[in-house]
Amino acid sequence: MALTWIRTHDWDADAWRNRSLCRDSNADLFFPIGSTGHALDQIDAAKDVCAVCPVKSECLEFALATNQEAGIWGGTTEEERRKVRKDWLTKQRRAG
Ligand code: SF4
């Protein structure tokens, strides 16, 4: 399958994952079920980890480029990514 998106970071698809702070964290935090109650605590905890993650930008770009619908990526929830993805796609088209 051909990649149709443009990389805005000079990153290797796998290398950034090796530097992610969530590698050794509880995966449940990053894939909360729902967006209310206990899930809100999980989302906040995941975002706290993302806030100091050295590959936050790469992670968010990967999630936008590959349209990751579930989970916390680059400090964003599914809903937050849906809001920023349209602008991100527009910028990618202009850059391309
Ligand atoms: S930004 Fe968050 S979800 Fe992405 S690699 Fe870092 S800790 Fe994991």
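Just follow the structure's listing: the first ligand is 1, and inside any ligand the first atom is 1. Computation of the quantities below employed the complete heavy-atom set of this structure, encompassing side-chain atoms and omitting hydrogens, waters and symmetry-equivalent molecules. Values in this document were obtained by computation on a predicted structure and should not be read as measured data.
Of the candidates R85, K86, K91, L89 forms a side-chain contact (heavy atoms from CB on, under 4.5 Å) with just one, namely R85.
The minimum heavy-atom distance between S25 and F30, with the atom names listed, is CB-CE1, 3.8 Å. The minimum heavy-atom distance linking W73 with L60 is given by the pair O-CD1, 3.9 Å. Between T77 and I72, the shortest heavy-atom distance links the atoms CG2-CD1, 3.7 Å.
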### Query
Given R81 and E69, is the side-chain contact (heavy atoms from CB on, under 4.5 Å) satisfied, shown in steps?
CA-CA 8 Å; R81 282 194 305 283; E69 293 186 358; 5.8 Å; no
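Taking the six-membered ring for Trp and thresholds of 30 and 60 degrees, W16 and F62 have ring planes inclined between 30 and 60 degrees apart.
The set of protein atoms (N, O or S) found at less than 2.8 Å from atom 4 (Fe) of ligand 1 reads C59 SG, by chain and number.
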